[in-house]
Amino acid sequence: MVASPRVRFSPAPTGYLHVGSARSALFNWLYARHTGGTFIVRVEDTDTARSQPELTEAVLDTLRRLGLDWDETHHQSDRFDLYRVAAERFLDEGLAYRCDCSQDDVKARNEAAGGPPGYDGHCRDRNVQPGDGVVVRFRTPDEGTTGWDDVIRDRVEFENRHLEDFVIVRSNGVPMFLLANAIDDVDMGITHVIRGEDLVNTTPKVLLLRQALGDDEPPVYAHLPLIVNEARKKLSKRRDDVNIGDYLDRGFLPEAMLNYLATLGWGAPDGVELRPMAEIVQLFELTDIGKSPAAFDLKKLSHFNGEYLRALPVDEFVERVEPWIGGPDAPWSPDQFDRDAFGRLAPLVQERTKTLDEVPELVDWLFLADPPEDQASWDKEMGKPHASAVLDSAIAGAEAAGEWTADAVRALVEKAAHDAGLVGAEGNPQLAKAQAPVRVATLGRSKGLPLFESLELLGHDETVRRLRAARSRV
RNA sequence: GCCCCCAUCGUCCAGCGGCCUAGGACGCCUCCCUUUCAAGGAGGUAACACGGGUUCAAAUCCCGUUGGGGGUACCA
């Protein structure tokens with residue numbers, strides 16, 4: 001019988017979750033959930049010089065924010081003894097040897113010999129004894145090939161002679177990731193290794209290590225196509241926005257993020273891209289993953305996010321925006337914020353936002369005494385010949401208004417259109433033109449929420465005040 | 001340099017020998033709706049890198065070329 005799949009996501013403690021890593025985590029998670037298997041998070045923190053608990057925690061935290069829950073947690077730093085024992089055994093069995101060459105030595109010899117970079121096997125038979133600056137290297141075969149049947153890439157093979165004798169234990173006694181990786185995959189019974197294509201070339205080394213460990217049943221490997229930027233280069237920390245946490249902070253919803261990431265390299269058989277995670281879990285198959293690199297498209301992600309945002313029940317939408325409008329990061333102080341007023345605008349806001357961080361500027365005119373004024377909007381609308389006539393009429397209309405409702409505002413703008421001569425061929429008011437100066441005067445921009453409803457909420461007095469103030473400057 | 005991989009619209013995904021005058025999605029353009037902006041509706045734009053095979057038939061299989069990418073650490 002086939003054992004239940006066990007897959008692992010192996011982040012290095014970098015301090016943030018990378019877009020590419022998140023996609024790897026997602027695909028592992030999808031496979032585990034699809035098959036009823038086990039999703040393991042194994043922190044590969046063998047680099048003691050760089051690893052810090054906070055950095056690891058930041059990565060795990062983002063995984064949690066995304067909703068990628070896991071079943072087991074392991075830290076390689078807890079398992080060093082296991083790796084050291086194995087290294088000792090390799091040494092005893094002649095599968096590994098000590099080496100005291102410095103990196104400079106190796107490099108110098110390669111250059112002198114005009115040979116390719118990489119370790120040249122200098123210490124293979126020198127019987128180097130333990131000491132300062134001494135590492136342990138794994139002896140790779142000189143002949144033959146090492147390969148595997150990749151679910152995504154079919155057969156991949158390397159000639160052993162191209163595999164250098166790589167370091168498995170550093171000179172400070174700390175094991176290297178290849179050793180830890182091989183041992184853990186065997187020890188933890190990992191059945192499927194799903195990871196980025198940038199790791200293919202380490203696979204033969206791990207396979208060799210597994211053989212040395214006595215393992216005769218390697219896992220199924222699935223090397224995912226890379227996620228690249230517009231320039232078709234692997235996403236990098238320097239050039240690109242790769243921090244998933246940043247995206248979440250900008251107001252991309254975790255579910256939209258995951259849905260989008262799922263479309264990078266994978267496609268549902270029916271071609272439907274935008275769909276609930278539950279369906280993706282159900283449909284996900286490793287065999288449906290493509291092999292060519294996929295570009296990260298922010299526009300498409302934004303579209304997905306907008307779809308998810310609009311699909312939310314209004315009160316949940318309000319709940320989700322809370323951090324952007326009701327907290328310390330909002331452009332206004334908490335006492336300036338009126339939750340009920342926002343609630344009335346919410347449906348209109350929801351329809352117009354692609355990311356949650358856009359929300360404040362859609363409603364700032366309501367909560368700020370002097371809302372930001374868009375200079376370009378002002379110049380354009382107030383510079384038109386009819387601007388002052390419209391404003392004069394609007395002020396008069398607002399002052400004379402009875403009950404202050406959206407309909408009342410509409411009526412006043414219609415009248416302003418007539419008064420300013422903004423009428424169509426059939427004598428109908430040109431609302432689009434007439435509302436523009438009023439909008440800029442009161443809401444600060446030529447684009448935004450529907451004017452009539454907005455002014456109803458702004459209130460009669462404040463509306464008049466802003467209209468007057470604007471008029472005096474035209 | 002060496003090793004490994006990839007190759008369908010600008011981008012993502014479909015196509016796994018005939019159903020392809022290549023389909024869907026994002027973007028972009030046009031129109032409709034409309035108090036702005038969105039949203040929505042209707043259209044449109046745009047691709048099988050090239051060259052050889054194999055086959056009655058190739059986007060689909062094979063080889064080569066070209067192009068692109070990844071790796072080449074006492075990082076993972």
Side-chain angles (χ1 to χ4, degrees), chain A residues 10-14 21 44-47 49-50 99 101-103 106 114-119 133-137 150 152-153 156-159 162-164 166-172 174-178 180-181 195-204 223 225-226 228 230-234 260 263-274 288 290-304 306 310 348-354 362 377 381 406 409-410 413-414 417 429-436 438-440 443 445-454:
Chain A
S10 306
T14 51
S21 307
E44 309 223 317
D45 52 356
T46 53
D47 187 348
R50 297 185 202 181
C99 163
C101 299
S102 71
Q103 294 178 73
V106 176
Y119 186 67
V134 173
V135 301
V136 178
R137 287 184 183 274
D150 199 281
I152 297 170
R153 270 146 232 291
V156 182
E157 265 182 357
F158 288 78
E159 288 186 54
H162 288 131
L163 271 21
E164 64 176 330
F166 54 93
V167 175
I168 55 177
V169 180
R170 299 172 168 85
S171 57
N172 64 2
V174 177
M176 291 283 291
F177 96 101
L178 285 169
N181 190 283
R195 28 122 82 145
E197 192 202 340
D198 50 340
L199 271 327
V200 262
N201 64 134
T202 69
T203 304
H223 285 98
L226 256 22
V228 299
E230 313 71 22
R232 301 246 119 218
K233 307 260 192 221
K234 184 170 105 166
Y260 174 66
T263 67
L264 260 27
W266 176 82
D270 60 7
V272 178
E273 297 183 307
L274 212 119
D288 288 333
K291 33 179 80 161
S292 42
F296 188 78
D297 183 353
L298 190 61
K299 288 220 179 92
K300 191 159 178 176
L301 204 213
S302 294
H303 175 260
F304 273 40
R310 288 192 293 278
L348 302 177
V349 174
Q350 183 174 9
E351 195 70 11
R352 275 157 254 262
T353 93
K354 280 200 159 68
L362 279 170
S377 295
E381 298 305 337
V409 178
R410 168 188 282 269
V413 174
E414 281 176 353
Q430 295 177 308
L431 276 188
K433 287 181 182 172
Q435 62 94 42
V438 175
R439 169 183 294 280
V440 173
L443 309 185
R445 300 182 189 87
S446 56
K447 299 177 177 181
L449 265 26
L451 181 68
F452 311 149
E453 292 80 351
S454 297

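The chains referred to below are lettered A, B, ... by the order of the sequence lines, with proteins before strands, and numbering in each begins at 1. Worth saying up front: this structure is predicted, and the values here are computed from it rather than measured.
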Taking pairing as Watson-Crick or G-U wobble with both contacts under 3.5 Å, can you name the mate of [N], or confirm there isn't one?
N: B/rA25; value: B/rU11
N: B/rC2; value: B/rG71
N: B/rC16; value: none
N: B/rC33; value: none
N: B/rC48; value: none

Distance between [atom1] atoms of [N] and [M] (Å, rounded):
N: B/rG10; M: B/rC48; atom1: P; value: 9 Å
N: B/rU30; M: B/rG69; atom1: C1'; value: 38 Å
N: B/rA25; M: B/rG15; atom1: C1'; value: 15 Å
N: B/rA58; M: B/rC16; atom1: P; value: 16 Å
N: B/rU35; M: B/rG27; atom1: P; value: 25 Å
N: B/rU11; M: B/rC63; atom1: P; value: 26 Å
N: B/rC6; M: B/rC19; atom1: P; value: 26 Å
N: B/rC3; M: B/rU45; atom1: P; value: 46 Å

Please encode protein proximity along nucleotides 4-20 of chain B as a string of B, S and -, counting only heavy-atom distances under 4.0 Å.
SSSS---SBSS------

Taking atom [atom2] of [N] as reference, at what distance in whole Å does atom [atom1] of [X] sit?
X: A/Gln103; N: B/rU72; atom1: CD; atom2: C1'; answer: 14 Å
X: A/Leu449; N: B/rU35; atom1: CG; atom2: P; answer: 16 Å
X: A/Leu178; N: B/rC74; atom1: CG; atom2: C1'; answer: 12 Å
X: A/Lys234; N: B/rG69; atom1: NZ; atom2: P; answer: 13 Å
X: A/Leu301; N: B/rA25; atom1: CG; atom2: P; answer: 19 Å
X: A/Glu351; N: B/rG41; atom1: CD; atom2: P; answer: 11 Å
X: A/Leu362; N: B/rU36; atom1: CG; atom2: P; answer: 16 Å
X: A/Phe452; N: B/rC37; atom1: CZ; atom2: P; answer: 13 Å

Across the strands shown, which category fits [X] at heavy-atom distances under 4.0 angstrom: base, sugar-phosphate, nothing?
X: A/Lys433; answer: nothing
X: A/Leu451; answer: base
X: A/Glu44; answer: sugar-phosphate
X: A/Leu348; answer: nothing
X: A/Arg195; answer: nothing
X: A/Gln350; answer: nothing
X: A/Val135; answer: base

Output the single nucleotide from [options] whose closest atom is nearest the side chain of [X].
X: A/Lys233; options: B/rA76, B/rG69, B/rU35; value: B/rG69
X: A/Arg310; options: B/rG40, B/rU35, B/rA73; value: B/rG40
X: A/Met176; options: B/rA73, B/rU36, B/rG1; value: B/rA73

Would you call A/Glu273 and A/Lys300 a salt bridge, taking side-chain N to carboxylate O under 4.0 Å as the test?
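Counted as a salt bridge, because a side-chain N and a carboxylate O are separated by less than 4.0 Å.
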
Heavy-atom donor-acceptor pair, A/Arg153 side chain to A/His223 backbone, under 3.5 Å
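Yes; judged by distance alone, with no hydrogens or angles, the pair exists.
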
Assess whether side chain to side chain contact (heavy atoms under 4.5 Å, CB included) is satisfied between A/Glu197 and A/Asp150, documenting all intermediate values.
CA-CA 11 Å; A/Glu197 192 202 340; A/Asp150 199 281; over 6 Å; no

Compare side-chain N and O positions of A/Arg352 against OP1 and OP2 of B/rU36 and report whether any pair is under 4.0 Å apart.
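Indeed not, no polar side-chain atom of A/Arg352 lies that close.
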
